[in-house]
Amino acid sequence: FTNEPTGSSVTLGFNVPQTGPYADEGADELRAYELAVEHLNGGGDGGMMNTFSSKSLDGSGILGRKVEFVTGDTQTKSDAARASAKSMIEKDGAVMITGGSSSGVAIAVQGLCQEAGVIFMAGLTHSNDTTGKDKKANGFRHFFNGYMSGAALAPVLAARYGKDRRAYHLTADYTWGWTQQESIAAATEALGWQTVNNVLTPLAQTDFSSYVAPVLNSGADVLVLNHYGGNMVNSLTAAVQFGLREKQVNGKDFEIVVPLYSRLMAKGAGENVKGIFGSTNWHWSLTDEGSKAFVKSFGTKYGFPPSQAAHTCYVQTLLYADAVQRAGSHNPCAVAEALEGFEFDGLGNGPTLYRAEDHQCFKDVLVVKGKDNPTSEFDLLEIVEITPRAQVEYAADHPMFAGGSLGSCNPGA
Amino acid sequence: MLGLNAKDMSLLIVVAILTMCAPLILNPFPADSAMAQFNAGYPDLMQKFVIFGIFAIGFNILFGLTGYLSFGHAAFLGVGSYSCVWMFKLLGYNVLPGIALSVVTSGLFALLIGLITLRRSGIYFSILTLAFAQMSFALAYSVLSNPKFNLTNGETGLQVYANDPQWFHNSERLPDLPHIFGLSMRATQKVSVGGWEFQFNTGYYLCAFIMLICFYLAIRIFRSPFGMMLRAVKSNQQRMNYTGLNSRPYTLAAFVISGMYAGLAGGLLSAVDPLAGAERMQWTASGEVVLMTILGGAGTLIGPVLGAGLIKYFENIFSKINDNVLHGWFSFLPDGMEDLMVTLIHPFVGKGWHLTLGIIFMLVVTFLPGGLVEGGQRIGRMLSRKKSKEADSPASTEPAE
Amino acid sequence: MGILEVKNVGKRFGGLQALSDVNLSVAENTVHAIIGPNGAGKSTLLNCLIGKLIPDTGSVSFDGQSVLGRKPFEICQMGISRVFQTPEIFGDLTVMENMMIPGFAKRDGAFELNPMQRLLAQKDVIAHAEHALEDMGLADKRHMNAASMSRGDKRRLEIAMCLSQDPRLLLLDEPTAGMARADTNNTIDLLKRIKDERDITIAIIEHDMHVVFSLAERITVLAQGTPLVEDTPDNIKGHPKVREAYLGETQEVA
Amino acid sequence: MDAILLQVLNGLDKGSAYALIALGLTLIFGTLGVVNFAHGALFMIGAFCSVTLQRILNASFETISETEKDFLGNPLKVKTPYVESWFGPEVGASIIDWSVPLAILFAIPIMIAIGFIMERGLIKHFYKRPHADQILVTFGLAIVLQEVIKAFFGANPIQTPAPDALSGVAQLGEGLGLQIAYPIWRLIYIAFALLIIGGVFAFLQFTTFGMVVRAGMADRETVGLLGIDIDKRFTTMFGLAAAVAGLAGVMYGPINAPNYHMGMDFLVLSFVVVVVGGMGSLPGAVLAGFILGILEAFASTTWATTTIPGINQIIIYLVAIIVLLTRPRGLMGKKGVMED
Amino acid sequence: MNVKPDFSKGINHAETAPAFLSVWDMHAYYGESYIVQGISFNVHEGEILALLGRNGAGKTSTLRSIARIGDPQVTHGEIWLDHQPLHKMSSHEAARVGLGLVPEDRRIIPGLTVEENIKLAQIAPPIGWSIERLYDLFPRLGERRNQEGVTLSGGEQQMLAIARALSRDIKVLLLDEPYEGLAPVIVDEIEKTLRVIKEQGMTTILVEQNAVRALQLADRAVILDTGGIVFDGSASEVLENAELRAEYLAI
Ligand SMILES: Nc1ncnc2c1ncn2[C@@H]1O[C@H](COP(=O)(O)OP(=O)(O)OP(=O)(O)O)[C@@H](O)[C@H]1O
Ligand SMILES: Nc1ncnc2c1ncn2[C@@H]1O[C@H](COP(=O)(O)OP(=O)(O)OP(=O)(O)O)[C@@H](O)[C@H]1O
Ligand SMILES: [Mg+2]
Ligand SMILES: [Mg+2]
C-alpha cells in the first residue's frame, strides 16, 4: 500500500492553514498535533492516552515505530491544500494526512487521499457534505456537523426564546454556509419557528451593514448568522452596532444566534459575543477526565487552554494511531476497518461512535453562550448544555447527507 | 533546425534536457539527509513547475510582447480546469479530450473577453480584465454552483463523482484516475540509487512534453513577424496605425493565444489532479502569474518559467520547514546556539514563507531590474568584463590624470 | 482633378476655428508645399487627411475615394503615408526592425496572423529595408535602438519608413527640422529622386524656405486656418502679403 | 422609504471607506503614477496603530487573586492596567475607552514617517521603472508588512471598539416622521471622511503643490530644470497619502475589527475605485467611491438579489466594466495618465 | 587657428579672461555608451556661444550634461558657473543658481495649460520676466493661455519653451535648436529678443543647425564632432574658414 513504513519511524502529515485568515486556528491545530506526537512517542504526561478507553497505545510510537511528522500550509485553498498534501505523500512518505480548517479544503484533501491511497483524518470541518455527499472511504471526521449543531441548538433556543419566533438568516454564500443554514432552519422550524428570510452574503464581504440594516424592518425577532471566522466576527459586530440586541420586536427581545462557535472567533468578536448562543464541538471548561487531562497537558506545555480545533486534531491523531495499533498495520483498508464502528470514550465528548456507514463520529455536542463576565482572555464561552449524543444522531441516509457514496477503501499502490 | 537559429535552438535543447532530467536535477540531496527538505523532485511540484511555466509563457506572449498587463488571466486557467474536469465527468478519464476542450473553451472565452477589454489600454485594460476575472470567480464560487444548476461545484471544487455518466469509461480496463490511453497520470516509477530516490511520473512527463511544445511555439512567435508586430504595439501604436497596420487584431490574437496557454495550463492541472476549484480564478491567482513573469523577466523567453519555478518552490518547499526541521538541521550546534539559530530562521520559514517571498520580490526587483534573466545576464556580463579587463589592463591607455 | 482633393474643410477646437473652408487640390506626381505662420493649421490639415482628426465640415478624397470615416490604417493602406512633426518611431525596436514593419504592412496588409513565419526568413522585406537604410545613410546604425538615436537620425528614419511603404501620397510635416545642413540637402535630393523614379505625390510642410523652394512645384500659404494664396514658388516669393505675414523682411530666399 | 434611506446611509458609509482609501491611493497611483500595491497595507497599519495604542494603554501589572482559579486550577493572575492605577479606575478606564480617537493623534506622525521611509527607501528608485516592477516591489512590501503585523498580533481579528459614548445608535429623522436607527460611529466615519477629503482637496487646490506634483510626474526632468526639487514633493505626497490611508484605517477599526489581511481585502477594490473614477482625478476617485458604495448597498438588498441572483457579488465589477466601456477614461480621468 | 586644442593639460586659467561659465574635461555616458568625450570650453559673461556640429555630434548631450540632468551621466569633469560648482549640483540646484535650458524637444508638460506651464517655472526662485511681459513678446501664447500646452502647434510650443526659460531670472541660457519649427518671421523676432537680452547681460549657448544664422548672432563658436571639440574660436573665424565649415558643418 502507499507509503508503507519500512524503517524505524512512521511519518504523519499535518496539513493546516499557516497563512491566511485561519492561521491562528491552524497554529493551534499544529500545537495539538505536536503534543499528540509527543504523547504517542512516550513523552510528556501522556494526555488523553491515559483516559482513552482503548488501551492499545503505550507510548512506544505506532506499532513500535517512532512517530515523525511533516507540516504543510493549506492556505485555506483547495489547490494549495492538495499540493501540500501531495508533497507529504509523494516526497515525505506520509501514511496519513490530517488537518484543515474549512470544509472546502477538507473535502478536497479527502478526495485526494482517497485517490492516493492514504487515510485522511479531517480536522475542523463542519459542512454536512464532508461525511455526506462527499464522503470517502479513506476519510474520517471526528468534528460535528451542521445537522448536529441544529439538532443540539434548536431545543435550547426554543426553551429560552420561545417557540413562536421568526428567524432571519444571513448565510455565507458557499457550500458550508448553505448546509448549515439548511440544518438550522430545519431544526428550528421543527420546533415551531418560522424562517422569514435567508440572505446569502458574499465570501469576500467585510462590511455587513447593508445586510444587517434591513433585518429590523423584516418583522424577524431572531437573527441567525451562518458565518464562520472573519465573516462571523464582522457580521456579529455589525449586528451589535446596529443596536439589534437592544431592540424589541413582536413584543420580544431581539436575539442573535451564531450556530457554529469557536473560542478563537469569540475572541475576535470581543464584547459582542456576550450572551449569544451557539454550538461547539468541545470546550476546555468541560470537566470529564479526558478533557481535564488534555487541557492540563496542553496548558502546561503552551500556557493557554486548547481550542476545539486543537482538541479534534489531537483526538484524530490518537484515534488513527490506536486504529493502526489495533489493526496491526498501516494499510488504509485495515485502518478503516478498525475505525469503522469503533466505540470509545475518554476523549472528551463522552461515549463516541465512529459510524461505519459514513465515517462520522457521533458524540455529545455542546451548546454554549458568550460569557457575560469572563475572568480571563480564554474564558469567553460558557457551557449551557451538553446535548446528549442520541439527540443529534441521524440516519446515514438522511436527505441532507444523501448523494454520495463512500466507495471502497483504496490502499493505493 | 526546426526553424530556429542556433542560439534559440541551444536554449530549447537546454530546456529540453533540464525538463527531461528534472527528476534527477531537482533531487540533489540524498533522501535521508537533512537537506532533503530542499529536494523538489517529486511529481506534484515538478508538475506545478511545468504547468505554471506554460501559464507564464503564455502570459508573457501578451504582456512581455504587447505590454498589455492583464490582471484576469486566472479566469482562463479556471475555465480550462473546469472544461477538463467536465470531460472527465462526461466522457471518461482519458486526458486528451479534456486538454483539447480546455484549450478550445479558454480560447473562446478569451476571444469574448478580449473583444471587450481590448477597447481600452493601459491601466484601464488591466482593471477591465480584473473585473471580468473577479466576476467569473464570484460566479464560479457561489452562483454557478447552486443545486439547480451546478456547473462548478463551488467552494468544494468540481470533481468526478461515482454517479457521473463517464460514457466512455471502462472501470475494468482503465484506471479510475486520469490517464492517457490507460497509463495513469499518477503512475510513478521510483528509482533508488544509493541514498537518492528519483521519481519518474507519467503526469509530469506529459506536462513537460507539452511545455516543451509550448516553449517552442513561443520561441517561434517571438521570432516571427507577428511577434515583432506585437512588440511594435508596445512601442508605438500610433505609428503602427499610421503605417497601415491594424493593431487591434494583433493584440486580440495575442490575448487569445495567451488565453489558450492559460487554458491549457488549467486543463493540465486538472489532468494531473482531477479537481478544479474556484480559487484558481481569484485575483490572487491572476496576480501570481503577473509576479512570476516579472520576477523571471517579462519579455524574455525563459524568464517566466524561472519565475514560476521560484514562486512554486517557495510555496511548496519553504512552507514545509517547521521548527522541528530547523532543530534537526542545527542539532549539531550546542543547545543555546541551536535555539538561537532556530529563533533567527523561524520567522522566515514554515508559516513565515510569505515573508521570505515578499523579501525576495523586493530584492530581485530592486537589484536585478529586468528580473532573474536579466540579473543572470548582468552577472555574466560583469564576470566577462572583469575577465577582459584583467586581460587587457596592462595594455590599456587610460588618460593619465 | 488632383489626386488629393480637399473641399471646404473646417475644424474647430473649442473656441478656436483651427481650419475654415480649406480647399486644396494636389496634382498627381507633384510636390506641393504648405507654408504659413505657426499655428496656422497646417498640421491640423494633415491630421484631417490621415484620419487622426475628423473635420467638422467638408470632404477629403484621395484618388477619387473619400477618406473620411476610414480608420488611419485603412487610409494608409490606400496609399497615404505621413511623417510627423515630432518623430513617431518604434523607440523600443532596432532601426532595422523599424524599417521592416512598414515592409510587412505593405506586403501583408493591415493584419496577418503569421506566428509561425520566421522573421529572418523574410528575405524580401529584409532586403528592401536594408536598401532603404543605405539610401538614408542609416545603414551603420541598423542594430541601434531607435530611441537612442539623435533626433536628426530619428527624423531620417521616419522618412525612410514612410518611403519604404511605397506610398502614392507622402505627407511630410517639417521633415528636415533639426537636420544638419548636409543631411537636409541629401533629403532634398532623395525626395526629388524618389518623386522622379516613382509615381509619387508629395505634400510638404516646412519652415525652411531653402527646402520649400528647392522642392515645391506649387505652394499654398495657410494663415489662420484659411488658404491665403496658392501659386508657384516664384510668385509666392514676391507676394507682399506672404512676405509680411510669414517670410519676414530679412529672409533671404535661397 | 426608511429602508431606502437606510441603504443610502449604508452606501455613504461604505462609500466613505472606499473614497478615503481611493483618495490616498490616487495620490500615489493616480497622480504619481506609481502602482502601489502596498496601499492596502498602509490602511491596515493605520488600523493597527489603534490596536497598538490600545495595547499600550492596557499595559498591566499582575496581582494574584485569592479566590479565583485559572484554567489549570492555579490561582488566577488578575491584570490591572497601569493607567487605571495611575489615574484611578474611572479616568483610566475612560482613557482606554477612548483609545481609538486618541489613536488618530498617535497615527498621524507614525503614518507620515512610514510614508517618508517607504518613499525615500524604496519607491524613489522606481519612478522611472516600468509599472510591472512597481507592482512587484510594492506587492513584496505589502506582504512583508502584513507578515510583520501577523507575527506580532496574530491572524485573528482584534476588536478596537469605539468609545462607549459613541457606540450607540442614533435615531435620525424623527422630526420628519422617519424611523432610522444608525450607529453613531458610522455617522462619525462619514463626517470624518468628508473632512479629510475636503482637507486634501483644499491643500491641493489652494496651493501649487498639486500642480507641481502632476507636472513632476508627467516630466520629472523638465520640472527639475525649472529649479523645483521634485523629490521632496514626491516624498511629501507619499507622507500625505500614507497619513490619509492610515487615518482611514484607524477610524475603520470600530466598524470592523482590524486583522492583518484587511488591507489586501480592500486593495483590489480600491484600485477599481480609482480607475473607475479616472486616473489622475481626485474628485473622480471620491465620486467613484461613493457611487460604488451606494450601488453595493442597494445590490445587497433582498429585492436586488432575488431579481438577479448573485448581483451583490459582482455589482462593483459589473459597474466598473460598464463605466470603462462607456467612458474611456473612467468618470473623470485625465488624458494620457497611464493609458499605455 | 586652433582646430584641435590640446586640453589634456587642463585649461590654463591665467591665460584666458575670467570665464563666467566654464566646462572642464567633461566626460559623460548614456548607460554604456560614451558620448561626451572630454569637453572643455569657457563662456564669458554676456557672450553668445554657438555650439555647432552634425547630427549626433553630442550637442544636446553636452547641454544636458551642463544642466545636470543626470542622463547622460557625467562621470568626470568640472562645471563652474559664476564661481559655483555646478558639477556638484543636481539639476534643480543648478537651475536655482541661474541655469536655464530650452530642451530640443521642447518638453511642454502635458496636462498643464500654457499659463500653468509658465507658472510652474516661477515657483522656484529666482523669478524672471513677468507673465505679462512674456505674452507681450509672444502674443500667440497670451491668446492661448488656457489651452493645454501640448496641443499647441509646433511653433507655439517652441515659443512656450523659450518663454518658460525667460520667466526665470537666469544667468545662462542654453538653447537647443530654438528656431526649429518656427516661421521665419518668428525666428527674426526671437533673434531680436536674444540680442536684446544679450544687451542686458545674458550669457547664452546656442545650439543650431542653421549654422550661418547662428554664427551671425554669436560671438564665439565651438564645433563638436563625435563627442569632442574640434574647434573653439570666434564666430567670424568659422564664417571665413570654408574648409572648416565644409568638414564639420557641411556648408
Ligand atoms: N487638440 C487641440 N485642441 C485645441 N487646440 C488645438 C488642438 N490642436 C491644435 N490646436 C490649435 O490649432 C491651431 C493650429 O495648429 P496646427 O498644429 O495645425 O498649426 P501648424 O500650422 O502646424 O503650426 P506649426 O507650424 O507651428 O506647427 C494652433 O493654434 C493650435 O494651438
Ligand atoms: N538616451 C540615449 N541612449 C544612448 N545613446 C544616446 C541617447 N541619446 C543620444 N544618444 C547618442 O548620443 C550621441 C549624441 O547625441 P546628441 O543628441 O547629443 O546629438 P546632437 O548633436 O544633439 O544631434 P542632433 O543634431 O541630431 O540633435 C548620438 O550618437 C546618439 O545616438
Ligand atoms: Mg505643425
Ligand atoms: Mg540635439
Side-chain angles (χ1 to χ4, degrees), chain A residues 7 14 16-20 23 26-27 30 34 37 68-73 75-80 82-93 102-108 111-112 115-116 127 129 133-134 172-178 200 202-204 403-405 407 410 412-413, chain B residues 27 31-32 36-37 39-45 47-48 81 134 137-138 141-143 145-147 153-157 159-163 176-177 186-188 199 201 269 273-280 282 284-285 312 315-325 350-354:
Chain A
F14 301 148
V16 303
Q18 302 195 32
T19 57
L30 262 191
E34 284 177 27
V37 169
E68 290 185 344
F69 65 91
V70 288
T71 60
D73 182 10
Q75 305 177 39
T76 317
K77 292 181 186 163
S78 315
D79 268 344
R82 274 171 86 107
S84 172
K86 275 203 242 170
S87 89
M88 294 172 176
I89 298 169
E90 292 170 356
K91 179 180 169 191
D92 307 309
S102 85
S103 294
V105 163
I107 291 170
L112 174 83
E115 288 160 17
S127 167
D129 289 351
K133 84 178 186 350
D134 288 308
D173 194 1
Y174 56 89
T175 329
W176 166 76
W178 304 336
L200 300 176
L203 168 76
S405 80
N410 175 16
Chain B
N27 264 356
D32 284 336
Q37 197 72 37
N39 282 343
Y42 61 94
D44 181 64
L45 187 53
Q47 290 160 3
K48 292 272 151 62
S81 304
Q134 281 293 81
F137 164 67
Y141 201 83
S142 35
V143 182
S145 64
N146 61 343
N153 209 25
E155 181 207 14
T156 312
Q159 52 186 315
V160 182
Y161 286 109
N163 54 3
D176 265 332
L177 278 175
R186 259 179 210 284
T188 303
Q199 306 190 30
N201 166 271
L269 278 180
D273 188 4
L275 176 126
E279 296 127 0
R280 276 180 201 170
Q282 216 175 354
T284 41
K312 286 292 151 193
E315 180 175 344
N316 286 282
I317 301 292
F318 267 63
S319 68
K320 285 181 64 189
I321 303 176
N322 53 34
D323 282 3
N324 226 18
V325 176
K351 66 182 185 220
W353 68 272
H354 271 161

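Each chain gets a letter, A, B and so on, in the order its sequence line appears, and its residues count up from 1.
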request  = Among the options B/R280, B/K312, B/E315, pick out the one with the most heavy-atom pairs lying under 4.5 Å from chain A.
outcome  = B/R280
task = With the side chain counted from C-beta on, respond yes when B/K48 and B/L269 share a heavy-atom pair under 4.5 Å apart, and no when they do not.
result = yes
message = Between A/L112 and B/L275, is there a side-chain heavy-atom distance shorter than 4.5 Å?
response = no
Region of A/D92 that comes under 4.5 Å of a non-hydrogen atom in chain B = side chain
note = In terms of heavy-atom pairs under 4.5 Å with chain A, the winner among B/P43, B/G277, B/S319 is B/P43
inquiry  = For a 4.5 angstrom cut-off between non-hydrogen side-chain atoms, does A/F14 reach B/N322?
reply    = no
ask   = Do you know which of A/K77, A/E115, A/E34, A/K91 has the most heavy-atom pairs under 4.5 Å to chain B?
value = A/K91
request  = Could you have a look at A/G104, A/G111, A/A23 and say which one has the most heavy-atom pairs with chain B under 4.5 angstrom?
outcome  = A/G104
query = Do the non-hydrogen side-chain atoms of A/V16 and A/Q18 ever get within less than 4.5 Å of each other?
reply = yes
ask   = Without hydrogens or angle criteria, can the side chains of B/Y161 and A/D134 be said to hold a donor-acceptor pair below 3.5 Å?
value = yes
Side chain, backbone, both or neither of A/S405 within contact of chain B (heavy atoms, under 4.5 Å) = side chain
ask   = Below 4.5 Å, heavy atoms only, C-beta onward: do A/W178 and A/L200 meet side chain to side chain?
value = yes
request  = Below 4.5 Å from any heavy atom of chain B, which atoms of A/L203 appear? Answer side chain, backbone, both or neither.
outcome  = side chain
message = Tell me which of these, A/A83, A/A106, A/A108, A/S87, has more heavy-atom pairs under 4.5 Å with chain B than the rest.
response = A/S87
